[in-house]
Amino acid sequence: MDVLEAIRTRRSTRAFRAEPLSDDVIRAVEDAVLHSPSGSNAQDFHAILVRDQQQIRRIRRFAPGLAGTPAALVVMCSNRVEARRRGGRDGEAALRLINTGIATAYILLATHGLGVGNCPVRSFHRGAVKRLLGLPPEVDPELLIALGYPAAPPRSKKSKPVTEVVSYERYGQR
Amino acid sequence: MSGTVSGDREQMESVDCDTSRQEDSVQERLLDFTAFCLTAAHGLAREPASYGPMRLVDAMFRALELFKEVGVEHPGLEHALEVVRRSRWQATEDPDGFAKALDQAIHRLVDLTLRS
């Protein structure tokens with residue numbers, strides 16, 4: 001799928017078929033993480049791909065925003081110590097989250113391009129997920145990405161008028 | 001995002017589509033339910049206000065499913081709640097529309113109450 005088409009057609013999926021992801025999808029997730037840009041090339045994120053249904057079940061228990069039963073979860077984490085080392089104070093305070101967000105967008109588009117539904121989720125208990133995944137102290141879970149083949153077409157999304165989100169040359173100028 | 005991160009927050013039509021439920025023990029489901037309520041309550045302090053009604057309604061549906069599993073049901077409830085189930089996706093996108101659906105369900109419950 002063309003990148004622009006992927007951008008235009010991706011919607012959050014919240015109902016999944018009980019079907020494991022193909023190897024292509026797993027490789028796409030790896031590629032998305034490996035080739036995602038980051039400030040100072042810090043790569044201060046870490047993605048944990050969870051396919052074990054028992055582990056997904058444990059995480060779901062502490063994730064009210066996670067709908068349906070996805071075939072896999074990608075837990076997007078950021079590393080505060082690595083962010084500070086590579087990106088300074090700004091890296092620790094902000095860039096690591098931006099970097100994690102960019103890598104997340106890459107995963108969303110790469111998997112959508114392979115026909116996989118996805119949904120990024122922030123409503124979860126970070127401390128609980130951190131313990132369930134055995135994360136070291138300096139690594140925090142920031143986002144969950146639910147992945148799976150869609151069981152139903154996702155709802156359409158209402159976008160704001162372009163004038164509200166894009167300006168030219170100066171703020172508010174079309 | 002939830003919520004979900006994307007602009008199309010929490011739009012799922014049904015409350016859940018977990019096909020593994022039948023295999024779960026009621027005790028496990030009870031843990032799921034309790035953790036859902038506690039985690040949602042913890043998260044709501046920092047989340048958009050519109051998530052409150054949505055989480056509460058989700059908790060209600062989860063509780064009703066648990067009751068059903070242990071054999072407690074009310075024959076009129078499905079009709080009363082159908083409008084909420086159908087409008088669930090509006091909770092964050094159209095809170096006023098969702099409130100109308102809740103209002104409609106409440107009046108159906110009043111009908112049930114007056115008939116009993």
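Letters A, B, ... are given to chains in the order of the sequence lines, protein chains preceding strands, and every chain is numbered from 1.
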Q: Please list, chain by chain and in numerical order, all residues satisfying side chain to side chain contact (heavy atoms under 4.5 Å, CB included) with A:H46, sequence neighbours excluded.
A: A:I48, A:C77
**Q.** NE2 on B:H42 to NE2 on A:H125, rounded to 0.5 Å
**A.** 4.0 Å
Q) Are A:L114 and A:I107 joined in one hydrophobic group, where the rule is that I, L, V, M, F, W and Y side chains link up if heavy atoms are under 4.5 Å apart? A) yes
Q: Over all heavy atoms of both residues, which pair between B:A40 and A:P64 is shortest? Give the atoms and the distance, please.
A: N-CG, 3.6 Å
Q) Between B:T39 and A:R61, is any side-chain donor less than 3.5 angstrom from a side-chain acceptor? A) no
Q.
Can you confirm whether A:R89 is buried at CZ, in the sense that more than 12 heavy atoms of other residues, nucleotides or ligands lie under 6.0 Å from that atom?
A. no
Q: Go through the atoms of B:L38 and report whether side chain, backbone, both or neither lie under 4.5 Å from a heavy atom of chain A.
A: neither
For residues 135-146 of chain A, tabulate all N or O donor-acceptor pairs below 3.5 Å that involve a side-chain atom, not counting sequence neighbours.
from, atom 1, to, atom 2, distance (Å)
A:D140, OD1, A:R80, NH2, 3.4
A:D140, OD1, A:K130, NZ, 3.0
A:D140, OD2, A:R80, NE, 2.6
A:D140, OD2, A:R80, NH2, 3.4
A:E142, OE1, A:R122, NH1, 3.2
A:E142, OE1, A:R126, NH2, 3.1
A:E142, OE2, A:S78, OG, 2.8
A:E142, OE2, A:R96, NH1, 3.2
A:E142, OE2, A:R126, NH2, 3.3

Q | Residue pair A:R57 / B:E28, side-chain heavy-atom distance below 4.5 Å | A | yes
Q. Is there a path of hydrophobic side-chain contacts, each under 4.5 Å between heavy atoms of I, L, V, M, F, W or Y residues, that connects A:L132 with A:L73?
A. yes
